[in-house]
Amino acid sequence: MSRERLPYSWRPGCPVSYQDLRLVTMSFWGFDDKPHTGELVVRKTVTDDIETVFRKLYDWRWPIRQMKLVDVYKGDDFASIEADNTSAFNCRRATGSSNWSNHAYGQAIDINPRENPYVTASGGTAHQNAKRYTQRPMKGKGVVNPGDKVVRAFSDVGWEWGGYWTGAKDLQHFSKGGG
């Protein structure tokens, strides 16, 4: 991964070197039922996991709205979520914490964040465009539900889903080793 491709999402002091990150370019099915090409940045140690899971998603024709580096949004997680962007690496703190997010290690992915929002313990979300998606289970294009094939595909490679957290639920979030 070149430093130039990460002008906003990586900086000195991040818990992982940009040299330990990899750019994964892959095909995915869009909400328009057409194939598209997207990019994710992940830690080199999890590239096989990502390729395995996203190959399954593609074979299932499971839809993803878009997949761009968070740098397109100047590293702004909120803006990326508002755009319903599936993304991975971003050197940032965990929501509501002073600890690094698993995204800062390149070991987390947020998938279709509008359809799979971060939901507070009281049931709210910071994104107006995601309010109708806060309850689970629910039917819908690109929606992740407890125990569904998307959750199982990530679980099969040792990743955990934020929808199983107690209190707040991060329905978009998958990470290696949880958190």
Side-chain angles (χ1 to χ4, degrees), residues 1-12 14-92 100-118 130 141-144 148-162 170-179:
M1 188 71 222
S2 72
R3 171 70 179 100
E4 294 75 32
R5 290 293 313 267
L6 306 172
Y8 302 102
S9 64
W10 187 90
R11 62 195 163 281
C14 290
V16 65
S17 168
Y18 68 89
Q19 295 167 322
D20 291 329
L21 299 171
R22 296 295 180 265
L23 177 66
V24 180
T25 302
M26 64 186 112
S27 297
F28 66 91
W29 287 95
F31 277 51
D32 60 0
D33 296 318
K34 296 178 182 175
H36 298 270
T37 301
E39 297 179 322
L40 292 175
V41 173
V42 297
R43 195 171 193 158
K44 67 181 174 183
T45 57
V46 300
T47 56
D48 288 346
D49 294 350
I50 296 311
E51 290 171 359
T52 297
V53 171
F54 280 85
R55 185 173 296 116
K56 287 180 181 180
L57 297 181
Y58 187 83
D59 289 348
W60 296 329
R61 296 178 71 119
W62 196 83
I64 293 172
R65 174 88 54 199
Q66 64 176 342
M67 186 186 301
K68 299 177 182 177
L69 304 188
V70 74
D71 290 87
V72 169
Y73 304 94
K74 297 186 177 178
D76 184 332
D77 191 53
F78 192 90
S80 180
I81 289 170
E82 283 287 300
D84 205 11
N85 184 50
T86 294
S87 66
F89 175 78
N90 192 6
C91 186
R92 64 174 180 80
W100 289 113
S101 164
N102 272 357
H103 291 280
Y105 294 93
Q107 297 183 162
I109 293 176
D110 290 340
I111 298 179
N112 293 338
R114 178 183 302 143
E115 293 76 19
N116 303 295
Y118 180 91
K141 206 174 221 185
V143 170
V144 178
D148 73 8
K149 62 186 175 183
V150 177
V151 172
R152 289 191 313 271
F154 275 99
S155 179
D156 288 348
V157 295
W159 288 54
E160 297 176 23
W161 181 47
D170 200 352
L171 304 172
Q172 64 197 271
H173 183 88
F174 291 90
S175 57
K176 183 80 168 187

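Only a predicted model underlies this, so the values are computations on that prediction, with no experimental measurement involved.
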A.B. asks: Closest approach of Cys91 and Trp10, non-hydrogen atoms and distance?
C.D. replies: CB-CA, 4.4 Å

A.B. asks: Heavy-atom distance under 4.5 Å between the side chains of Val41 and Arg5, does that happen here?
C.D. replies: no

A.B. asks: Heavy atoms only: give me the nearest Phe54-Ile64 pair and the separation to one decimal.
C.D. replies: CE2-CD1, 3.6 Å

A.B. asks: Applying side-chain contact (heavy atoms from CB on, under 4.5 Å) to Phe89 and Leu40, what does each step give before you reach the verdict?
C.D. replies: CA-CA 7 Å; Phe89 175 78; Leu40 292 175; over 6 Å; no

A.B. asks: Any side-chain heavy-atom pair from Pro35 and Trp29 closer than 4.5 angstrom?
C.D. replies: yes

A.B. asks: I'd like to know if the side chain of His173 pairs up with that of Asn102 as donor and acceptor (distance under 3.5 Å, no hydrogens or angles considered).
C.D. replies: no

A.B. asks: Would you say that Tyr73 contacts Glu82 through its side chain, given a criterion of any heavy-atom pair below 4.5 Å between the two side chains?
C.D. replies: no

A.B. asks: Would the distance check show the side chain of Arg3 and the main-chain N or O of Leu6 forming a donor-acceptor pair, the cut-off being under 3.5 Å?
C.D. replies: yes

A.B. asks: Hey, does Val16 have a side-chain heavy atom less than 4.5 Å from the side chain of Gln107?
C.D. replies: no

A.B. asks: Going from NZ on Lys44 to OG on Ser17, what distance comes out if it is rounded to the nearest 0.5 angstrom?
C.D. replies: 8.5 Å

A.B. asks: For a 4.5 angstrom cut-off between non-hydrogen side-chain atoms, does Ile111 reach Trp62?
C.D. replies: yes

A.B. asks: Look at the side chain of Gln66 and the backbone N and O of Ala83, then say whether any donor-acceptor pair between them is shorter than 3.5 Å.
C.D. replies: yes

A.B. asks: Please examine the side chains of Lys149 and Trp60, heavy atoms only from C-beta on, and report whether any two atoms are closer than 4.5 Å.
C.D. replies: yes

A.B. asks: Could you walk me through whether Tyr105 and Asp20 pass side-chain contact (heavy atoms from CB on, under 4.5 Å), step by step?
C.D. replies: CA-CA 9 Å; Tyr105 294 93; Asp20 291 329; over 6 Å; no

A.B. asks: State whether the side chain of Asp71 and the backbone N or O of Glu4 hold a donor-acceptor pair below 3.5 Å, judged by distance alone.
C.D. replies: no

A.B. asks: Look only at the side chain of Asp84 and the backbone of Arg65, and say whether a donor-acceptor pair between them is shorter than 3.5 Å.
C.D. replies: no

A.B. asks: Decide yes or no for Val46 and Val157: does some side-chain heavy atom of the first lie under 4.5 Å from some side-chain heavy atom of the second?
C.D. replies: no

A.B. asks: Taking the side chain as every heavy atom from C-beta outward, state whether Val151 and Phe174 have any atom pair closer than 4.5 Å.
C.D. replies: yes

A.B. asks: Take Lys176 and Arg43 through the test side-chain contact (heavy atoms from CB on, under 4.5 Å) and record every step on the way to the result.
C.D. replies: CA-CA 10 Å; Lys176 183 80 168 187; Arg43 195 171 193 158; over 6 Å; no

A.B. asks: How far apart are the closest heavy atoms of Asp148 and Val143, and which atoms are they?
C.D. replies: OD2-O, 3.8 Å

A.B. asks: Give a yes or no answer on whether the side chain of Ser80 reaches the backbone of Asp76 with a donor-acceptor pair at less than 3.5 Å.
C.D. replies: no

A.B. asks: What closest approach, in Å, do Thr86 and Asn112 show between heavy atoms, and which atom pair accounts for it?
C.D. replies: OG1-N, 3.1 Å

A.B. asks: Is there a donor-acceptor contact under 3.5 Å from the side chain of Asp110 to the main chain of Ser87?
C.D. replies: no

A.B. asks: Rounded at 0.5 Å granularity, tell me how far OG1 in Thr52 sits from CG in Asp156.
C.D. replies: 10.0 Å

A.B. asks: Looking at Ala153 and Val53, what are the two nearest heavy atoms and their distance?
C.D. replies: O-CG2, 3.5 Å

A.B. asks: Rounded at 0.5 Å granularity, tell me how far NZ in Lys141 sits from CG in Asp32.
C.D. replies: 7.5 Å

A.B. asks: Rounded to the nearest 0.5 Å, how far apart are SG of Cys14 and CZ of Arg92?
C.D. replies: 12.0 Å

A.B. asks: Mind checking the OG-CG spacing from Ser9 to Asp77? Nearest 0.5 Å is all I need.
C.D. replies: 11.5 Å

A.B. asks: Which atom names give the shortest non-hydrogen contact between Tyr118 and Asp170, and what distance separates them?
C.D. replies: CD1-CG, 3.5 Å

A.B. asks: First locate atom CG of Leu69, then atom CG of Asn85, and finally report the distance between them rounded to the nearest 0.5 Å.
C.D. replies: 8.5 Å

